[in-house]
Amino acid sequence: MAVMIHSKYGYEPPEWVQADARIDRWYRNKKRRAKQHGAFSLDKNKEETNMNFGEAIKALKSGNRVARKGWNGKGMFVYFESGTLITPDKIRNLTLAKSIPDSQKYININPHIDMKSVDGSIVVGWLASQTDMLADDWVVVE
């Protein structure tokens, strides 16, 4: 079985993790150089674009965090968790742990949407209300 490393994108081969790290370093250096030289930044000048729920889902799947302007909690946003594989010994729920057969080596945690709430806690498996799904005030959170 190939070696897999847990990264921010889930489990990946080591060469993918190394490539991601190089891209991240390149991007940070590019932003720092642009700031040092006073380069024009579209980010500072762009208008906030409202989205509907479908567009917000696409933004989530692209790796963005999104929130509604209508939410009254400052700092709240939702984000996409790509899922991961874990070993049965990592399960904290004893009832669930007892139901896993000894022969099962990995458990797949499916992709899902989580929320960072006002108090800084994480809501795992956030579900949108009908109001959220019908709203047109979704925005990407930087």
Side-chain angles (χ1 to χ4, degrees), residues 1-71 73-130 132-142:
M1 185 171 139
V3 175
M4 301 294 269
I5 298 173
H6 188 265
S7 75
K8 62 184 176 183
Y9 303 110
Y11 281 89
E12 300 178 309
E15 57 273 11
W16 291 12
V17 174
Q18 292 169 355
D20 289 340
R22 286 192 299 270
I23 290 169
D24 289 345
R25 272 194 309 276
W26 173 83
Y27 185 69
R28 280 193 308 271
N29 289 337
K30 180 181 175 189
K31 285 177 67 175
R32 188 182 72 240
R33 283 191 305 271
K35 188 175 183 181
Q36 285 173 341
H37 299 289
F40 177 78
S41 172
L42 290 174
D43 290 341
K44 292 178 185 174
N45 298 308
K46 74 176 182 182
E47 283 188 31
E48 203 172 62
T49 306
N50 287 355
M51 301 177 287
N52 64 33
F53 189 62
E55 293 165 328
I57 294 291
K58 285 180 185 175
L60 284 173
K61 286 183 169 184
S62 297
N64 294 297
R65 301 177 300 180
V66 298
R68 285 198 49 214
K69 284 184 179 179
W71 284 344
K74 197 165 181 106
M76 291 173 61
F77 57 84
V78 293
Y79 59 96
F80 179 72
E81 277 292 331
S82 60
T84 188
L85 290 175
I86 63 169
T87 54
D89 63 312
K90 301 290 187 224
I91 296 177
R92 295 178 297 206
N93 182 304
L94 295 178
T95 305
L96 177 60
K98 289 177 186 175
S99 71
I100 305 297
D102 291 337
S103 62
Q104 188 169 348
K105 302 218 184 291
Y106 297 100
I107 297 159
N108 183 32
I109 298 176
N110 291 320
H112 58 278
I113 298 171
D114 290 345
M115 172 190 256
K116 181 187 164 283
S117 63
V118 177
D119 64 2
S121 64
I122 302 298
V123 177
V124 178
W126 173 81
L127 296 174
S129 68
Q130 288 189 25
D132 291 329
M133 289 186 270
L134 296 173
D136 289 325
D137 65 346
W138 287 93
V139 294
V140 171
V141 177
E142 299 298 326

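All heavy atoms count here, side chains included; hydrogens, waters and symmetry mates do not.
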S.K.: Answer with yes or no whether the side chains of H112 and D114 bring together a donor and an acceptor at under 3.5 Å.
M.R.: yes
S.K.: Contact between V78 and L60 at the side-chain level, heavy atoms closer than 4.5 Å - yes or no?
M.R.: yes
S.K.: Please determine whether side chain to side chain contact (heavy atoms under 4.5 Å, CB included) holds for the pair V118 and K74, giving the CA-CA distance in whole Å, both sets of side-chain angles, and the decisive distance to 0.1 Å.
M.R.: CA-CA 6 Å; V118 177; K74 197 165 181 106; 5.9 Å; no
S.K.: Is there side-chain contact between M76 and M115, with heavy atoms separated by less than 4.5 Å?
M.R.: yes
S.K.: So I109 and L85, do their side chains get closer than 4.5 Å, heavy atoms only?
M.R.: no
S.K.: Check the side chains of T87 and D89 for a donor-acceptor pair under 3.5 angstrom, ignoring hydrogens and angles.
M.R.: yes
S.K.: Under a 4.5 Å cut-off applied to non-hydrogen side-chain atoms, are V66 and M51 in contact?
M.R.: yes
S.K.: Apply the test side chain to side chain contact (heavy atoms under 4.5 Å, CB included) to residues K58 and K61: give CA-CA distance (whole Å), side-chain angles for both, the deciding distance (0.1 Å), then the verdict.
M.R.: CA-CA 5 Å; K58 285 180 185 175; K61 286 183 169 184; 5.8 Å; no
S.K.: CG/N52 to CD1/I57 distance, rounded to the nearest 0.5 angstrom?
M.R.: 10.0 Å
S.K.: Establish, yes or no, whether the cationic atom of R65 lies under 6.0 Å from the six-membered ring centre of F77 and within 45° of the ring axis.
M.R.: yes
S.K.: Quick one: closest heavy-atom pair of P111 and S82, and the distance?
M.R.: CG-O, 3.4 Å
S.K.: Taking C-beta and beyond as the side chain, do I107 and P88 meet within less than 4.5 Å on heavy atoms?
M.R.: yes
S.K.: Pair I113, L127 - check side chain to side chain contact (heavy atoms under 4.5 Å, CB included), show working.
M.R.: CA-CA 8 Å; I113 298 171; L127 296 174; over 6 Å; no
S.K.: Restricting to non-hydrogen atoms, name the atom on D137 and the atom on G70 that form the minimum distance, rounded to 0.1 Å.
M.R.: OD2-N, 2.8 Å
S.K.: Is V140 close to E142 at the side-chain level, that is, under 4.5 Å between some pair of heavy atoms?
M.R.: yes
S.K.: Indicate every side-chain donor-acceptor pair of residues 97-105 with a distance under 3.5 Å to a residue at least two apart or in another chain.
M.R.:
{"residue": "S99", "atom": "OG", "partner": "L96", "partner atom": "O", "Å": "2.6"}
{"residue": "Q104", "atom": "NE2", "partner": "Y106", "partner atom": "O", "Å": "3.0"}

S.K.: Could you tell me how the ring of W71 sits relative to the ring of W138: parallel (under 30°), tilted (30 to 60°) or perpendicular (over 60°)?
M.R.: perpendicular
